[in-house]
Colleague: 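Structure below; questions to follow.
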Amino acid sequence: MRYAICFTPPMADPLSTVAASWLGRNVYSGEPTELPSICGLTASEIAFHTAVPRRFGFHAVVMSPFRLHPDMDEAQLLKALMHFAGAQMPFEIERMEVARLGQCWGLMPQIPSTAMHLLAASIIQEFDAFRAPLSEDEIERSDPDRLTAPQFSNLHRWGDPHVMDEYRFHMMLTGPLGQDAIRRIEAPLRDLFEPCLMQPLTIGSLALFVEQESGAPMRVHSQHPLGKISATKRADRIKRAAAEATLAPSPVPPLSRMVAALMAGR
């Protein structure tokens, strides 16, 4: 069995619904979904072009799939992830977009997110002790001869070439495509996903993914909210109080109204 630490939107999020339909599989239940009806693309074409991301499910990888270290077990991993997530604060990626990722299509931030980059680096450092060392076969599958020097160093230190300064937050929507398919799929992808990308993407949880056996589809094992629930609610009250203090006409100074609103919600 292998585990991975990822981000995926909540099950009920419209982006999750659209992505599950496009990929043909729900990453939470593991069940197949009905492919969308798209003018100019047959269901078999969509299924063929999404075969690779369908196995992994809709997600942005943070810590790539790893085998547990012999000294660790799942219960320890879950406990550590729960505590780690609780110590972080949710944040937003202002704008996601449909973008080319080499020969693939996926979702990426229009502007790289510093907060996401720092969170990803912290996870790699925090959970490295849970990762079993790479086998020789796993190293070879990473094609080390094609890696840059920093990527090669990352592979041997962290078990993944694309971490730390090499990390790029992205969510895959297709496998590698030929030039004709790249052109034909772009417009349908934009039509399908851009309505879900009008608002900032909230990074409010981390998901532990599992691969039951080699080559099996990955699915969400558990979701771990970022931040203490009470702290998150208080942050929401602060935002509401600030808005009310700015908008409501009153002889009371804005800061006093803000404090009063907070005290009333305690």
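All heavy atoms count here, side chains included; hydrogens, waters and symmetry mates do not.
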Colleague: Of all the heavy-atom pairs spanning A120 and V62, show the shortest one and how long it is.
Modeller: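 Closest approach of A120 to V62, heavy atoms only: CA-CG1, 3.6 Å.
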Colleague: Evaluate the side chain to side chain donor-acceptor pair (under 3.5 Å) criterion for residues R54 and T50: first the C-alpha distance (whole Å), next the side-chain angles of each, then the deciding distance (0.1 Å), finally the verdict.
Modeller: CA-CA 6 Å; R54 180 164 55 254; T50 58; 2.7 Å; yes
Colleague: Would you compute the distance between atom CD1 of I46 and atom CG of L189 and round it to the nearest 0.5 angstrom?
Modeller: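 So the gap between those two atoms works out to 9.0 Å.
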Colleague: Once the angle between the rings of F56 and H59 is folded into 0 to 90°, is it parallel (under 30°), tilted (30 to 60°) or perpendicular (over 60°)?
Modeller: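 Because their plane-to-plane angle lies in the 30° to 60° range, the rings of F56 and H59 count as tilted.
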Colleague: Taking only residues two or more places apart in sequence, or in another chain, which ones meet E186 in a salt bridge (charged side-chain N to carboxylate O under 4.0 Å, His left out)?
Modeller: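 Counting only residues at least two positions away or on another chain, E186 forms a salt bridge (charged side-chain N to carboxylate O under 4.0 Å, His left out) with R190.
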Colleague: Once rounded to the nearest 0.5 Å, what's the spacing between atom OG of S21 and atom CZ of F58?
Modeller: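 Atom-to-atom, S21:OG and F58:CZ are 12.5 Å apart.
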Colleague: Side-chain polar contacts of residues 106-113 - donor-acceptor pairs under 3.5 angstrom, sequence neighbours left out - could you list them?
Modeller:
{"unit_1": "S113", "atom_1": "OG", "unit_2": "M116", "atom_2": "N", "d": "3.1"}

Colleague: Under a 3.5 Å distance rule, please check whether S122 uses its side chain to pair with a backbone N or O of L118 as donor and acceptor.
Modeller: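 Yes; judged by distance alone, with no hydrogens or angles, the pair exists.
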Colleague: I need the R219 CZ to R55 CZ distance, nearest 0.5 Å.
Modeller: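 One finds 14.0 Å between CZ of R219 and CZ of R55.
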Colleague: Grab the two heavy atoms, one from P10 and one from S16, that are nearest each other, plus how far apart they are.
Modeller: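 Heavy-atom minimum between the residues: O-OG, 2.8 Å.
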Colleague: Which pair of non-hydrogen atoms, one from P225 and one from A85, has the smallest distance, and what is that distance?
Modeller: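 Looks like O-CB, 3.4 Å.
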Colleague: Please report, to 0.1 Å, the donor-acceptor pairs under 3.5 Å made by any side chain of residues 172-183, with sequence neighbours excluded.
Modeller:
{"unit_1": "T174", "atom_1": "OG1", "unit_2": "W105", "atom_2": "N", "d": "3.0"}

Colleague: Answer whether the closest heavy-atom distance between the side chains of L155 and D160 falls below 4.5 Å.
Modeller: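 Contact flag for L155/D160 side chains = no.
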Colleague: So, for P90 and G204, which heavy atoms are closest and what is the spacing to 0.1 Å?
Modeller: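 Looks like CB-CA, 4.1 Å.
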Colleague: Check whether any side-chain heavy atom of L15 sits under 4.5 Å from a side-chain heavy atom of L197, and report yes or no.
Modeller: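 Yes, their side chains come closer than 4.5 Å.
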Colleague: Please say whether more than 12 non-hydrogen atoms of neighbouring residues, nucleotides or ligands are located less than 6.0 Å from CD in E97.
Modeller: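 Yes, CD of E97 has more than 12 neighbouring heavy atoms, counting only those of other groups under 6.0 Å.
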Colleague: State plainly whether one hydrophobic cluster holds both I139 and W158, where clusters connect Ile, Leu, Val, Met, Phe, Trp and Tyr through side-chain heavy atoms under 4.5 angstrom apart.
Modeller: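 Result: no, two separate clusters.
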Colleague: Please tabulate, for side-chain N and O atoms in residues 31-39, each donor-acceptor pair with protein atoms closer than 3.5 Å (sequence neighbours left out).
Modeller:
{"unit_1": "T33", "atom_1": "OG1", "unit_2": "A20", "atom_2": "O", "d": "2.6"}
{"unit_1": "T33", "atom_1": "OG1", "unit_2": "R25", "atom_2": "N", "d": "3.3"}

Colleague: Please enumerate all residues that pass salt bridge (charged side-chain N to carboxylate O under 4.0 Å, His left out) together with R184, with sequence neighbours excluded.
Modeller: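 Checked R184 against salt bridge (charged side-chain N to carboxylate O under 4.0 Å, His left out); matches are E45.
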Colleague: Are F130 and M1 linked, directly or through other ILVMFWY residues, by side chains that come within less than 4.5 angstrom of each other?
Modeller: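 Looking at the clustering, M1 is in the same group as F130.
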Colleague: What about L201 and L192, same hydrophobic cluster or not, with Ile/Leu/Val/Met/Phe/Trp/Tyr joined at side-chain heavy-atom distances under 4.5 Å?
Modeller: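 Yes, because L201 and L192 connect within a single hydrophobic cluster, where side-chain heavy atoms sit under 4.5 Å apart.
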Colleague: Among residues at least two apart in sequence or on other chains, which ones pass ring pair (Phe, Tyr, Trp, His ring centres under 6.0 Å) with F152?
Modeller: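 With sequence neighbours excluded, F152 shows a ring pair (Phe, Tyr, Trp, His ring centres under 6.0 Å) to H156, given in chain and number order.
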Colleague: Is there a donor-acceptor contact under 3.5 Å from the side chain of N26 to the main chain of S29?
Modeller: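 Side chain of N26 to backbone of S29, a donor-acceptor pair under 3.5 Å: yes, one is there.
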Colleague: Sequence neighbours excluded, which residues qualify as salt bridge (charged side-chain N to carboxylate O under 4.0 Å, His left out) partners of R168?
Modeller: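 Expected list: none.
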Colleague: Just so I know, are the side chains of H83 and E126 near enough to count as touching, which here means a heavy-atom distance under 4.5 Å?
Modeller: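 Result no, sub-4.5 Å side-chain heavy-atom pair not found.
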Colleague: Among all residues two or more places apart in sequence or in another chain, which pass the side-chain contact (heavy atoms from CB on, under 4.5 Å) test with Q88?
Modeller: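 Scan of Q88 (side-chain contact (heavy atoms from CB on, under 4.5 Å), adjacent residues dropped) gives F84, L119, L226.
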Colleague: Determine the minimum heavy-atom distance between L23 and G57, stating which atoms define it.
Modeller: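 Nearest heavy atoms, L23 then G57: CD1-C, 4.1 Å.
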Colleague: For residues P9 and M171, determine if any side-chain heavy atom of one lies less than 4.5 Å from a side-chain heavy atom of the other.
Modeller: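 Yes. Closest side-chain heavy atoms under 4.5 Å.
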Colleague: Sequence neighbours left out, what passes ring pair (Phe, Tyr, Trp, His ring centres under 6.0 Å) with F66? Give chain and number order.
Modeller: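 For F66, no residue satisfies ring pair (Phe, Tyr, Trp, His ring centres under 6.0 Å) once neighbours in sequence are set aside.
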Colleague: When hydrophobic residues are tied together by side-chain contacts of less than 4.5 Å, even through go-betweens, does M218 share a cluster with I123?
Modeller: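 No, separate clusters.
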Colleague: Is there a continuous path of hydrophobic side-chain contacts, each under 4.5 Å between heavy atoms, that joins F169 to F127?
Modeller: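 Same cluster.
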Colleague: Taking C-beta and beyond as the side chain, do M96 and M198 meet within less than 4.5 Å on heavy atoms?
Modeller: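 Answer no - side chains too far apart.
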Colleague: Ignoring hydrogens and angles, write down the donor-acceptor pairs under 3.5 Å from the side chains of residues 67-82, residues two or more places apart or on other chains.
Modeller:
{"unit_1": "R67", "atom_1": "NE", "unit_2": "E138", "atom_2": "OE2", "d": "3.2"}
{"unit_1": "R67", "atom_1": "NH2", "unit_2": "P133", "atom_2": "O", "d": "2.9"}
{"unit_1": "R67", "atom_1": "NH2", "unit_2": "E138", "atom_2": "OE1", "d": "3.1"}
{"unit_1": "H69", "atom_1": "ND1", "unit_2": "D71", "atom_2": "N", "d": "3.0"}
{"unit_1": "D73", "atom_1": "OD1", "unit_2": "A75", "atom_2": "N", "d": "3.2"}
{"unit_1": "D73", "atom_1": "OD1", "unit_2": "Q76", "atom_2": "N", "d": "2.8"}
{"unit_1": "E74", "atom_1": "OE1", "unit_2": "Y3", "atom_2": "OH", "d": "2.6"}
{"unit_1": "E74", "atom_1": "OE2", "unit_2": "H221", "atom_2": "NE2", "d": "3.2"}
{"unit_1": "Q76", "atom_1": "OE1", "unit_2": "D73", "atom_2": "N", "d": "2.9"}

Colleague: Look only at the side chain of H49 and the backbone of S44, and say whether a donor-acceptor pair between them is shorter than 3.5 Å.
Modeller: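 No; zero donor-acceptor contacts below 3.5 Å.
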Colleague: Could you state the interatomic distance from CZ (R131) to CD1 (I124), rounded to the nearest 0.5 Å?
Modeller: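 Output value for this atom pair is 8.5 Å.
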Colleague: Under the side-chain contact (heavy atoms from CB on, under 4.5 Å) rule, collect the residues that match up with A207, sequence neighbours excluded.
Modeller: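 In terms of side-chain contact (heavy atoms from CB on, under 4.5 Å), with neighbours along the sequence ignored, A207 is linked to T8, F209, V220, Q223.
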Colleague: Check which hydrophobic residues are tied to V61 through side-chain heavy-atom contacts below 4.5 Å, counting indirect links as well, and list them.
Modeller: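 Reading the cluster by chain and number, V61 sits alone, since nothing else belongs.
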